[in-house]
> 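Sharing a structure here in structure tokens format.
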Amino acid sequence: LEFRRVLFRSISSHAFLMTASVRPKVRLHNPGELIAALPYLLGFRPQKSLVLIAHRGPECKGIGLVLRADLPARRYYPELTRQLLQPILGNQATGVSAVVVDGSRGDRSVERLSALPFRRLITVLRSTLEAHDIPLLHALWTSATDAGAAWRDRKSTRLNSSHITI
């Protein structure tokens, strides 16, 4: 029960729907740019967080809801993903991008995809979303959202050599 209260506070205090009447158009061309945009989308730099970006539109090009939650213990992955699903369904998302910001130093010796940090969390999240016909478009890991931070895409077999540019 305590976990639910903490999780609900975490989700509800950091989830928002962008509603400005005049929205500047910003084009993001790669996952590194999406990671670099997180502090601007959230209003702060996430640390040890799972950030979900709900995409809108038939081509999933628009950004709707942005959710952030603390990284939980492994046993809470299913509960976390179920709770994050509710606002995503309410936002009528056509796809989701997930970013794990884990605060590590980005060990470049980790070369195999099977060693991707928080791989199990992403697997549980993908299953939860797919059960509702929502594709997981990006599954990204980064040590931080600061300039120069290393990041990985679940599809890559090695740490991305491109660094975040802000």
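Because the structure is a prediction, the values reported are computed rather than measured.
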> Could you pull out all donor-acceptor pairs under 3.5 Å where a side-chain atom in residues 123-135 meets a protein atom, sequence neighbours excluded?
{"from": "T123", "atom 1": "OG1", "to": "R119", "atom 2": "O", "distance (Å)": "3.0"}
{"from": "S127", "atom 1": "OG", "to": "T123", "atom 2": "O", "distance (Å)": "3.2"}
{"from": "T128", "atom 1": "OG1", "to": "T81", "atom 2": "OG1", "distance (Å)": "3.1"}
{"from": "T128", "atom 1": "OG1", "to": "V124", "atom 2": "O", "distance (Å)": "3.0"}

> Can you find a pair of side-chain heavy atoms, one from R56 and one from Q92, that are under 4.5 Å apart?
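In short, these two side chains do not touch, never coming nearer than 4.5 Å.
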> What is the minimum heavy-atom distance between L84 and A69, and which atoms define it?
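That would be CD2-CB, 4.4 Å.
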> Could you check if a side-chain atom of P39 sits within less than 4.5 angstrom of a side-chain atom of F44, using non-hydrogen atoms only?
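They are not in contact (no side-chain heavy atoms under 4.5 Å apart), so the answer is no.
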> Would you give the length of the straight line joining atom NE2 of H55 to atom CD1 of I88, rounded to the nearest 0.5 angstrom?
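Rounded to the nearest 0.5 Å, the NE2-CD1 separation comes to 10.0 Å.
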> Hey, mind stepping through V66 and L52 against side-chain contact (heavy atoms from CB on, under 4.5 Å) and telling me if it holds?
CA-CA 6 Å; V66 178; L52 300 183; over 6 Å; no
> Looking only at heavy atoms, what is the nearest atom pair of D153 and P31, with distance?
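Looking at all heavy atoms of both residues, the shortest contact is OD2-CG, 4.0 Å.
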> Between I53 and L38, is a side-chain contact (heavy atoms from CB on, under 4.5 Å) present by the stated rule, with each step listed?
CA-CA 9 Å; I53 299 103; L38 291 180; 3.9 Å; yes
> Which value, rounded to the nearest 0.5 Å, describes the distance between F118 atom CZ and W141 atom CH2?
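Between F118 CZ and W141 CH2, I get 10.0 Å after rounding to 0.5 Å.
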> How far apart are the closest heavy atoms of I63 and L34, and which atoms are they?
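The answer is CD1-CD1, 4.5 Å.
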> Considering non-hydrogen atoms only, spot the tightest contact between V101 and P46 and give its length.
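That closest heavy-atom pairing would be CG1-O, 3.4 Å.
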> For the side chain of T142 and the backbone of A144, is there at least one donor-acceptor N/O pair under 3.5 Å apart?
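Indeed, once roles are kept as given, a pair shorter than 3.5 Å links the two residues.
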> Provide the closest heavy-atom pair for R68 versus Q47 in the form atom of the first, atom of the second, distance.
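Heavy atoms only, the tightest pair is NH2-O, 3.9 Å.
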> Could you state the interatomic distance from CG (L50) to CG (L67), rounded to the nearest 0.5 Å?
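So the CG of L50 and the CG of L67 are separated by 9.0 Å.
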> Could you walk me through whether K48 and D102 pass side-chain contact (heavy atoms from CB on, under 4.5 Å), step by step?
CA-CA 4 Å; K48 298 189 182 204; D102 81 353; 5.6 Å; no
> Identify the heavy atoms of A139 and I122 that sit nearest to each other, and give their distance.
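Smallest interatomic distance, heavy atoms only, reads CB-CG2, 3.5 Å.
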> Could you walk me through whether R45 and D146 satisfy the side-chain contact (heavy atoms from CB on, under 4.5 Å) test, starting with their C-alpha distance in whole Å, then the side-chain angles of each, then the deciding distance to 0.1 Å, before giving a yes or no?
CA-CA 8 Å; R45 292 189 182 280; D146 300 322; 3.3 Å; yes
